[in-house]
Protein chains: 2
Amino acid sequence: MDDEDRVFKALADPTRRFLLDRLFERDGRTLSELESELEMTRFGVMKHLRVLEDAGLVVTRRQGREKLHFLNPVPIRQIHNRWIDKYTERQVSALLELKDELEELA
Amino acid sequence: MDDEDRVFKALADPTRRFLLDRLFERDGRTLSELESELEMTRFGVMKHLRVLEDAGLVVTRRQGREKLHFLNPVPIRQIHNRWIDKYTERQVSALLELKDELEELA
DNA sequence: AGGATATGTGACCTTTTGGTCACCTGTCAA
DNA sequence: TTGACAGGTGACCAAAAGGTCACATATCCT
């Protein structure tokens, strides 16, 4: 499995996206901390974090007996660049901003 | 399966990403045209296109007995916005532009 | 009309993936 | 230094996904 494939496979699972959401909110969390927010055993969560790390979506640092997890946004941006060129980017982001404003009014 | 999940699941397969690449290059292609570029039966390709359409990554229009396929970039941009805020976007896109320039020199 | 062309459906099989468990290693602190 | 705590490995099972085929419908063109 190549690097690119790992990123997309990693994003395909809802639990892993939830983990990225938690890290987007605040990074530097430990396995135990992330586990406490999920209805799953530690082993399941560990496996998911491993997949995210192998994909480069999460980077880690050991601190004593703890392992801290950080979100890496670079692969996400690369997905974006693959199918959205500069010109289309302006159109699409304008469209989504408009959509957000309309939803705020409703 | 909710709408968001469908998008990520759709992107998880290399054949489907290849199809998006072809449509990014040029849209409005038919099933037969896309099939001719893949080592797979028509049924396999059709199944993949169906998944992409259900996810909203591809939109279609019937024209006689043909079905034309178009790339929709909106869901891709939404993935981007989920984990990259305005501030981070500037940093990451600058980093990737630098990376591209360096690779051009090498 | 009728054959060729373009797309569609449901059943089926194989491979991959998500999740759990028994068991193990490294680190902290009294 | 010993017990509690944080993280790690490999085997295992059930569920989901990728791919093919027999069969079917709609459209075009002569």
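These numbers come from the heavy atoms of this one structure, side chains and all, not from hydrogens, waters or symmetry mates. Proteins get letters first, then strands, A, B, ... in listed order; numbering begins at 1 in each.
For the ring-ring contact (aromatic ring centres under 6.0 Å, His included) test, residues two or more places apart in sequence or in another chain that qualify with B:H80 are A:H80. Residues passing the side-chain hydrogen bond (donor to acceptor under 3.5 Å, both in side chains) test with A:S32: none are found, sequence neighbours excluded. When the side-chain hydrogen bond (donor to acceptor under 3.5 Å, both in side chains) test is applied to A:D3, the partners found at least two apart in sequence or on another chain are A:R6. With sequence neighbours left out, the side-chain hydrogen bond (donor to acceptor under 3.5 Å, both in side chains) criterion links B:K47 to no other residue.
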Please table the atom pairs, donor to acceptor, closer than 3.5 Å between any side-chain atom in residues 55-63 of chain A and protein atoms at least two apart or in another chain.
residue, atom, partner, partner atom, Å
A:T60, OG1, A:E53, OE2, 2.8
A:R62, NH2, A:R65, O, 3.4

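The distance between atom CG of A:L49 and atom C1' of C:dG18, rounded to the nearest whole Å, is 14 Å.
The only member of A:E103, A:E101, A:E97 that meets side chain to side chain donor-acceptor pair (under 3.5 Å) when paired with A:K99 is A:E103. Screening A:L52, A:L19, A:L20, A:I76 against A:L71 for a side-chain contact (heavy atoms from CB on, under 4.5 Å) leaves a single residue, A:L20.
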Q: Produce a footprint string for nucleotides 3-12 of chain C: one letter per nucleotide, 5' end first; B if the base is under 4.0 Å from any protein heavy atom, S if only the sugar-phosphate is, - if neither.
A: -BBSBBB---
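Heavy atoms of A:G44 sit under 4.0 angstrom from at least one base atom.
Where the helix from C:dA1-D:dT30 to C:dA30-D:dT1 starts and where it ends, the local axes point in directions that differ by 30°; five pairs per end, rounded to 10°.
With salt bridges taken as basic N to acidic carboxylate O contacts below 4.0 Å, one links B:D5 and A:R17.
Nucleotides of DNA chain D with any atom under 4.0 Å from a heavy atom of chain B span, from 5' to 3', D:dA17 to D:dC28.
Nucleotides of DNA chain C nearest to A:M1 and A:M40 differ in position, and the one nearer the 5' end is that of A:M1.
For the pair A:R22 and A:F18, the cation sits on the ring face: its NZ or CZ lies under 6.0 Å from the ring centre, inside 45° of the axis.
Within the 4.5 Å cutoff, side-chain heavy atoms of B:D21 are placed close to those of A:W83.
Applying the side-chain hydrogen bond (donor to acceptor under 3.5 Å, both in side chains) definition to pairs two or more places apart or across chains, those involving residues 35-45 of chain B are B:R29-B:E37. For residues 46-77 of chain A, the set of pairs meeting the ring pair (Phe, Tyr, Trp, His ring centres under 6.0 Å) definition, not counting sequence neighbours, is empty.
Taking a 4.0 Å limit (strictly below) on heavy-atom distances, residues 5-19 of chain B does not reach DNA chain C anywhere.
Hydrophobic cluster membership for B:L95: A:V74, B:V92, B:L96 (Ile, Leu, Val, Met, Phe, Trp, Tyr linked by side-chain heavy atoms under 4.5 Å, directly or transitively).
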